[in-house]
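All remarks here apply to the structure that follows.
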Amino acid sequence: ATKAVVTLTTAQQTVVTASATLAAAVDNVLGYASTDGNVAQFTYGGDTYIAVNGDGNTTFTATADYVVKITGVTGTLSTGDFTFV
């Protein structure tokens, strides 16, 4: 189950935006949402994504974590926008 939807601070989002690659941006986001089950919304390269930390590590693990590009949504997502099964 989701532990929290982590809202990045302006400073954290600035670090994510300045990342050299999407992979580096995801690692930064997972560092901020470092508890197993946390979800964070972020922007990179003009696109919006959510990252789900599936293992509590601060770097992306292909077998545990998820990154989803969000389209057609504006604003900030909240816990009510997610259903995990």
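All figures in this text were calculated on a predicted structure; none of them were measured in a lab. Nothing fancy with the numbering, it's 1 onward along the sequence. As a basis for the values below, the full set of heavy atoms in this structure was taken, side chains included, without hydrogen atoms, waters or symmetry mates.
At least one donor-acceptor pair closer than 3.5 Å links the side chain of Asp65 to the backbone N or O of Gly54. The main-chain N or O of Ser19 is found under 3.5 Å from a side-chain atom of Tyr44 such that the two form a donor-acceptor pair. Of the possible donor and acceptor atoms, none in the side chain of Asp47 sits under 3.5 Å from a partner among the backbone N and O of Thr43. No side-chain donor-acceptor contact under 3.5 Å links Asp27 to the backbone of Thr59.
Between the side chains of Asp55 and Thr61, at least one donor-acceptor pair of N or O atoms lies under 3.5 Å. When only modelled atom types and interatomic distance are considered, Thr9 and Gln13 share no side-chain donor-acceptor pair under 3.5 Å.
Considering only heavy atoms from C-beta on, Asn53 stays 4.5 Å or farther from Thr35 through its side chain. Between Asn38 and Tyr32, every side-chain heavy-atom pair lies at or beyond the 4.5 Å cut-off. At a threshold of 4.5 Å between non-hydrogen side-chain atoms, the residues Val39 and Tyr66 do not count as touching. A 4.5 Å side-chain heavy-atom check between Phe42 and Thr17 finds every atom pair outside the cut-off. In this structure the side chain of Thr58 never reaches within 4.5 angstrom of the side chain of Leu30, judged on heavy atoms.
At a threshold of 4.5 Å between side-chain heavy atoms, the hydrophobic network of Ile, Leu, Val, Met, Phe, Trp and Tyr places Tyr49 and Val15 in one connected group. In this structure, Phe60 is not a member of the same hydrophobic cluster as Val6, with clusters built from ILVMFWY side-chain heavy atoms closer than 4.5 Å.
Each of Val52, Ile50, Val29, Val26 was compared with Val67 under the side chain to side chain contact (heavy atoms under 4.5 Å, CB included) criterion, and only Val26 meets it.
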#### Entry: side-chain contact (heavy atoms from CB on, under 4.5 Å) between Thr48 and Lys69, intermediate numbers included
CA-CA 6 Å; Thr48 301; Lys69 183 177 178 181; over 6 Å; no
